[in-house]
Amino acid sequence: MRNLRVDGDRLWASLMEMGEIGETEKGGSCRLALTDLDKEGRDLFVRWCEEAGCTVTWDDMGNIFARRPGRDPNRAPIACGSHLDTQPKGGKFDGVYGVLAGLEVIRSLNDMEIETDAPIEVSVWTNEEGARFAPSMIGSGVFQGTYSTEYAHGTADLDGLTLGDELARIGYLGKEKCGDRTFGAFFEAHIEQGPILEAEGKTIGVVTGGQGLGWYDVTVTGQDSHAGTTPMTVRRDAMMAAARLCLSVEAIAVKYGPQGVATVGQLVVSPNSRNTVPGEVTFTVDMRHPDIEMLKGMDAELHAAVDAERLKEIVSVEMERVAYEMPMIFDEACVDAVRDAAESCGYSHRDIASGAGHDACFLSHILPVGMIFVPCADGISHNETEAATPEDLAAGCEVLLRAMLSRAVDEA
Ligand code: GLV
Ligand code: MN
Ligand code: MN
């Protein structure tokens, strides 16, 4: 297609401006889903999209859709997007890049006065990170049909505040039923969040699919007692039982390595006092593997470790699996569209599987989906210091533009 370009400086400036909302000490962002800061980020995005001439709506999961009309209003839009929520100590790029690259596509189409046949949409998906409400990717998960809206609205954060109430509080509980719209294709641009592209000196990752994951909430209940007077032989120490289970989680990942990974990222100790034997500990487990049979094996071994702890009859252990997502393969034509776009721009590229979860992963079960990765410094993400270069981000955005146009313009 003719000379297509995006404005990398404008994309960078928008990323930096969004990153100031909830900016952290080390230059990252903290915009947990549905907090006042998330609302501020959403409001800024909505304003930018309206200024770019889009019609902006949101559904009853708070997923936002900004539409640039096409010649044929009856055609399913060609969509892109990602998320604006972050980890508690997140970076400026995870998710935000995919959203603002989409906005840059729209701004660039406006600059170049390109009319598409299908409408173009940029979307923001609610609670992708899962850092405040579990499970993660809940907005796209409801859209795709894995979770019901009622279930999602009822999920609560550590303070007992529910997702539904928080959506209403910040003004993003829309009237449209989540899932009541469709797309002709969906593309998500994202930083890689791993070290491969940087190590190989490649600019673009052509994402072929994603790995499966299991998320679990574990509650270990023993008995609070005095740290100085309770003999070791009679303690019902929830923390020590939790510690043994955490080591089992690590051992399972090592056994299923190098592709298997597992993490205990959240742990709450009660009463959390230095001289009381803890009576209750809750913690989370995140286990992932690209092979479904291996993931099932990890799941079975985690259950076995919990059963072994129960058999000791020192504490009781409850475990709930809150997410279980199968590995997925993206649509061949969309993957090809991303590869062709990278090729036509002259960017070095390689096929790559995603280690992280993305909204595109859920959407891939119901839509043709493709993803574009760009390198990030040292492969570090979910970290305030997460970094990517303006040049790589602009390159990924250009690939996004071309991949979307290949589906949205008939003669493209
Ligand atoms: C999303 O950030 C994930 O957990 O992969
Ligand atoms: Mn992300
Ligand atoms: Mn993330």
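Atoms within each ligand, like the ligands themselves, are counted from 1 in listed order.
- Contact shell of ligand 1 (protein heavy atoms, cutoff 4.0 Å): E128, E129, R288, A356, G357, H382.
- A salt bridge is absent between R47 and E50; no separation between the charged side-chain nitrogens and carboxylate oxygens falls under 4.0 Å.
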* Test side-chain hydrogen bond (donor to acceptor under 3.5 Å, both in side chains) on D94 and H83 and set out the steps. => CA-CA 8 Å; D94 176 2; H83 57 99; 3.1 Å; yes

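- For the Mn ion (ligand 2), protein N/O/S neighbours under 2.8 Å (waters excluded) are H83 NE2, D94 OD1, H190 NE2.
- Residues forming a salt bridge (Lys or Arg N to Asp or Glu O under 4.0 Å) with K296 (at least two apart in sequence, or on another chain): E293.
- For CZ of R244, the number of neighbouring non-hydrogen atoms (other residues, nucleotides, ligands) closer than 6.0 Å is greater than 12.
- The neighbour count for E332 CD, taken as heavy atoms of other residues, nucleotides or ligands under 6.0 Å away, does not exceed 12.
- A salt bridge links D36 with R169: at least one charged nitrogen is closer than 4.0 Å to a carboxylate oxygen.
- At distances below 3.5 Å, at least one donor-acceptor pair connects side-chain atoms of T86 with backbone N or O atoms of R31.
- Checked against salt bridge (Lys or Arg N to Asp or Glu O under 4.0 Å), E192 has no partners two or more places apart in sequence or in another chain.
- Under the side chain to side chain contact (heavy atoms under 4.5 Å, CB included) rule, T155 has a single partner from I138, T162, V322, which is I138.
- Ring pair W58/Y172 is tilted by interplanar angle, where 30° to 60° counts as tilted.
- Within H382, the N/O/S atom positioned nearest the Mn ion (ligand 3) carries the name NE2.
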